[in-house]
Amino acid sequence: MKARISQDLVLGIVVLAIGLFVVFVWAPIDSDTGIAEKVRGRWAIGDALAPSVAGALLAVSGAGLVAGAWLRPAPPSLGLANFGFVAAFVALLAIGLSIMRYSGPGVAELTANDYRPLRDEIPWKYIGFVSGGSFLVFSLVYLVERRFDARRVALSIAIALILALAYDLPFEDLLLPPNADV
Amino acid sequence: MDVWSHVAAGVLAVIQGPAMFHVGAIPVSVTIVMILAGFLAGIAVGATPGLAGPMAMAVSLPILISVFGYEQASLLPVLGFLIGVMKGATVGGAVPAILFNTPGTPDALLTTYDGYPMTRNGQSGKALRIAHFSSVSGDTLSDILLFLCAPFLAVLVESFLDLPEKTALILLSMAFIAAVVGKSVMKGLLAAGFGMLVAFVGTGEEFYPRLSAGLPELAQGIPVVSAILGMLILGEVIKGLEDLMRERSATGRISQVAETGDNRLALREKLRLLPFIGNSAAIGAIVGILPGVGSTLAATLGYASGRRKQARRGGAEFGTGAPEGVASTEAANSAVSGANLIPVLSLGIPGNTAAVFLILAMETIGGFNPGPSVFRIPSEGMNEEMVIAFGIFTAMVIANLLNWTIGGAFMRWMGIMIRIPKQILLPSVLLVTMVAIYAQETSFSALVFALGFGVLGYFFRKLHISVLPFVIAFILAGTLERTARQAFSATGGDPFFLFSSPLAAILMIVAVALVILFGRRRMESQH
Amino acid sequence: MIKRILASLVALAALASAAATAQAEWMPGGPIKMLIGFRAGGGADTQARLIAEELEERHGWKIIPEQMTGKGGAVLAAALKEEPADGTAIGIIVTESLGYNMVAAKNAGYQQSDFTALTTTAGFQMGIVALTSKGWNTFDELVEAARAGEQIRFGAMSPKLADLAYLLGKAHGIEFNIVMTQGGKGVMDGLNAGDLDIGWGAGIQNNAVLAGDMINLASGLSTRLMVSPDAPTINELGLPFSADGYFIFVSPDGITAEAREALSSAIASIVSDGDTEAGGFIEKAFGGSVVIAGEELDALLAAEEAAAAALLEKASR
């Protein structure tokens, strides 16, 4: 009898693999001490123990899912369309975050300024957040509505601008992205 | 100094704390203002379809901390706001469920069963009043239980628990959460395992930041707010946007039914509801003490128990617009929140997402370590932590009083929140979340991490894996490892320290038994 | 040694206050990023934030404090190294971060020459603490109890202090169960909850000691403690090391002498002024400011590195 490949089976195998990878490869290689070490004349728990326990937990749950899925295959709740949507979302966020990060320094470059000393000056400190933020809001609204509406663009800019002012004006030490990174 | 002087100091810390402004000559303490602000914000958020209390707490916490700073004095205003949100959102959550049949949280689903039929019968005002009255009653009972139990339990815990037992207790609560929450035990363990693994990146005792693969971004550890806000908020935003995209073609407007007849709630009717409320509140409070079980189970149990009671009495059947149905559900889920703070204050173990943010606030600000030492009375002077604990209780009482007085009216007024289009609300929430994360972490990589966890949270939701075990395991993992290492060293390197004392052994056996028991029961119930 | 430091302190304090007025001409070319290597909300963090506020007030500089914790200051050091060396990036860590922690890490990714040390702000009142209710009045009584077979749990918040605890036990023929805790607060909580018997306190114990709830059994410093002058130093107890340590401001290496002088004297004059909020806090929390700067500080760091290597060598044997 050939069991149908169910979603939980795949999930279980992936999780089992991650768990085993953590226990046998990642934790031992990427930690300074093993499961237990002799330190100052005494045994002490090493840095690799805790991640190994987490990995073992993953492996056990993965194996359990595999067993469960084998016994009772369930209908899938995740399809190719979902991955497509997530990919679109991530792409939009990547673009939006890049605008947020680099538009301020970019404008500074074009006007022959250095952004770092200006990062706490109006209007410089808002350039990145407002441009990247309004792109994010508008592009996600567009993703859902699929129609270009100038009023939505205006609304997105307004939302980003209001947020920037609402956080920046009352709170002196609060930095808007990306002004702590430059 | 005795207990009562600590109680008095705690109450005064809230009422007489630093003044925000003066009404005439009377100073209004900043803590009280924050409780009120949080409470109103909580109702508004709860009443907004697609948002929930924990979301509002998550977004506001980093900002509150940036505003108030890290001094001990900022604990009460910050916690006051969060408590206000927690309580407000619990009441507010009933609004969209009753008016528009759109439950914002799983436990509000049961409120729709009788609340929405009442709206269609022209009784929306009455349904909202019943929801408010039951919710506040349940909440009050729960708070009283908290005040009585937390100090008592904390003292009890202190006298019995050494490092090995503490380790075992954390393991037990994590096992319990993984086993009880969600659809399958294995998926609960999976979520907990991921939560722990993520928490262990970049931490550890050695100078080399483990699991960091040599990347400086990982060497500092995964930012706490990135992981938690990513899983809880961004994951929900992604899923919400996707659902909206699907529904785009079929947007049927919800027809509104005008209120007809007498929508007030008479004292006689309140009295008639009281047995249902009392019953459900007791269920909710007991469920609330257990870490991780949360309000959904309480609402389910309360509703089921109320339905049996109603069947015996022969009133309107549940599901047809019975006031008792709304009362049973709302009293039960509201009674969880106060009781849920018992493990928080006495052990430092969060029981649900709301509690996670209270613990995070305490840990981030510092000056208050939830746990047994909170309720110790020093030989000389005051125990500052105990004063804060009673200050927290006072904040809860104030939030409760606000709820009794202005909560109902504000809640009915918040019915307008449904008008905000979700496709604009969700991207805005995303942007607010980004600012909140950046305000605390001040690093762009924290935003990238948050995005990653958002995607992970989305897949968790699509695969029916609960994110709560992830979040709680992530929060507790550091404490668990530290306590285990300490227990091992303190016992002189006894590898069986988890089983060497009877109490620790019992806790461990219960933990294992829970996982097996719930695992088997779930399997049977699926057949 | 300590006398020399004290003498130079006085000289420096005078110099600092004079310099603060004279140095007004140096201005940073933008906001100053102040990296803080301590958990938000603790005493060390509060100190740094108060200093930042006062610097803004006195000099009109814009200071943006930023938390960068982890690995005993190593995370901060590695990040600060990459910042521009023009006085717009500074960090506060402990001398241990550029001493023991740097030497002990197999691959720290930074060395002392990557930084310019600006000034220390305060020292630790490091003592070995126990609850008075334990009944030990002196370190010798503790040793006796341990020799009689009692298991002693010793809380330490850093590997260096754990090494010192281990060697101290060895010098007296006893073995402690050394328990690593999270920060000095972890030691205090452990003592209070009965999870620990003794532990290191870096000054956090002072109030409890003065109230009679806790006792300093020994001083970890090369001098005796201010609150417990009767407790012997670990030197006197036969250990050729000490846990002397300071909070220290550093900047990336390569800043101009002018900027170094301006920054260090600005900070020094604030912390040594008890009337400022920062100075008052330092007095309350760390028992007063300790300002070491310039060549004196460079020499101290070099000595710290050498001592760390010796301690590591001895503790691993």
Side-chain angles (χ1 to χ4, degrees), chain A residues 7 11-12 15 19 22 26-27 30-33 36 42-48 50-51 53-55 57-58 60-62 64-65 68 72 77-78 82 85-86 89-90 93 97 101 129 133 136-137 140-141 143-146 155-156 159-160 163 167 170-171 173-178 180-181, chain B residues 63 66-67 184-190 192-194 196-197 200-201 204-208 210-213 238 241-242 244-245 248 423-424 426-428 430-432 434-435 438-439 442-444 447-448 451 455 458-459 462-464 477 480-481 484-485 488-489 492-493 495 519 523 526-527:
Chain A
Q7 180 177 288
L11 174 68
V15 171
V22 171
W26 198 10
D30 210 8
S31 310
D32 241 10
T33 41
R42 286 285 176 94
W43 282 101
I45 291 178
D47 265 3
V53 170
L57 201 58
L58 286 177
V60 167
S61 65
L65 281 173
R72 296 176 312 277
S77 53
L78 198 62
N82 299 110
F85 181 82
V86 170
F89 179 88
V90 170
L93 252 84
L97 288 177
R101 173 69 183 80
F129 181 76
L136 274 182
V137 174
L140 291 176
V141 173
L143 186 66
V144 172
E145 294 185 340
R146 292 295 163 87
L155 184 68
S156 305
I159 288 173
L163 265 179
Y167 286 113
F171 313 133
D173 273 340
L174 204 150
L175 286 174
L176 289 169
D181 284 86
Chain B
I63 296 173
S66 309
V67 174
S184 106
V185 174
M186 283 307 154
K187 288 185 175 175
L189 290 179
L190 184 163
F194 265 117
M196 287 169 72
L197 183 64
F200 292 142
V201 171
E205 238 162 51
E206 300 302 319
F207 287 110
Y208 173 74
R210 71 176 163 208
L211 309 187
S212 64
I238 302 176
L241 285 172
E242 191 194 27
L244 280 178
M245 199 181 79
R248 190 180 59 213
Q423 66 270 32
I424 292 172
L426 290 178
S428 308
L430 175 104
L431 202 54
V432 174
M434 297 258 163
V435 181
Y438 201 80
T442 57
S443 128
F444 225 75
L447 299 184
V448 177
L451 173 59
V455 172
Y458 167 81
F459 283 117
K462 291 306 274 187
L463 294 167
H464 307 298
L480 174 66
E481 185 188 18
R485 289 183 115 143
F488 183 77
S489 299
M523 284 206 177
Q526 279 178 9
H527 277 294

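Protein chains get the first letters and strands the later ones, always in sequence-line order, with residue 1 at the start of each. Just so you know, these numbers come straight off a predicted model, no measurement behind them.
In terms of heavy-atom proximity, A:Ser77 sits nearest to B:Leu463 at OG-CA, 4.1 Å. For the pair B:Leu197 and A:Pro51, the tightest heavy-atom approach, listed with the atom from each and the gap, is CD1-O, 4.4 Å. Smallest separation of non-hydrogen atoms from A:Asn82 and B:Tyr458: ND2-OH, 3.1 Å. Nearest approach of A:Ser31 to B:Leu211, heavy atoms of both residues: OG-CD2, 4.4 Å. Scanning all heavy atoms of the two residues, the minimum distance from A:Trp43 to B:Phe488 falls at O-CE2, 3.3 Å.
Separation of atoms CZ (B:Phe444) and CG (A:Leu97) is listed at 5.0 Å; rounding is to 0.5 Å. A distance of 9.0 Å separates CD1 of A:Ile45 from CD of B:Glu205, quoted to the nearest 0.5 Å. Distance CG/A:Leu58 to CZ/B:Phe194: 5.0 Å, rounded to 0.5 Å. Atom CD of A:Gln7 and atom NZ of B:Lys462 lie 9.5 Å apart (nearest 0.5 Å).
Of all the listed residues (B:Gln423, B:Lys187, B:Glu481), the one sharing the greatest number of non-hydrogen pairs under 4.5 Å with chain A is B:Gln423. Heavy-atom pairs under 4.5 Å with chain B were tallied for A:Leu175, A:Leu176, A:Val144, A:Val15; the largest tally goes to A:Val144. Interface summary for chain A: among B:Leu447, B:Val455, B:Leu480, B:Leu451, the most heavy-atom pairs under 4.5 angstrom belong to B:Leu451. Counting heavy-atom pairs closer than 4.5 Å to chain A, the top-ranked of the candidates B:Ile238, B:Val201, B:Leu426 is B:Ile238. In terms of non-hydrogen atom pairs under 4.5 Å with chain A, the most contact-rich of B:Gly492, B:Ala213, B:Pro495 is B:Ala213. Most heavy-atom pairs under 4.5 Å with chain A, from the set B:Ile63, B:Val67, B:Leu431, B:Leu430: that is B:Leu431. The candidate with the highest count of non-hydrogen atom pairs below 4.5 Å against chain B, out of A:Leu143, A:Thr33, A:Val53, is A:Thr33.
Both the backbone and the side chain of A:Val141 come within contact range of chain B, judged by heavy atoms closer than 4.5 Å. Both the backbone and the side chain of A:Ala160 come within contact range of chain B, each with at least one heavy atom under 4.5 Å from a heavy atom of that chain. In this structure, the portions of A:Leu65 lying under 4.5 Å from any heavy atom of chain B include both its backbone and its side chain. Heavy-atom distances place both the backbone and the side chain of B:Tyr208 under 4.5 Å from chain A.
The closest side-chain heavy-atom distance from A:Leu93 to B:Met434 is below 4.5 Å.
Under the 3.5 Å distance criterion, the side-chain polar atoms of A:Asp30 are matched with a main-chain donor or acceptor of B:Ser212. In this structure, B:Tyr438 contributes its side chain and A:Pro178 its backbone to a donor-acceptor pair below 3.5 Å.
Shown here are the salt bridge (charged side-chain N to carboxylate O under 4.0 Å, His left out) partners of B:Glu206, two or more places apart in sequence or in another chain: there are none.
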Inset, instruction - Could you check A:Asp47 against B:Arg485 for side chain to side chain contact (heavy atoms under 4.5 Å, CB included), going step by step and ending with a plain yes or no? - result: CA-CA 10 Å; A:Asp47 265 3; B:Arg485 289 183 115 143; 3.0 Å; yes
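For the side-chain contact (heavy atoms from CB on, under 4.5 Å) with B:Ile424, the lone residue among A:Val137, A:Leu140, A:Ile159 that qualifies is A:Ile159.
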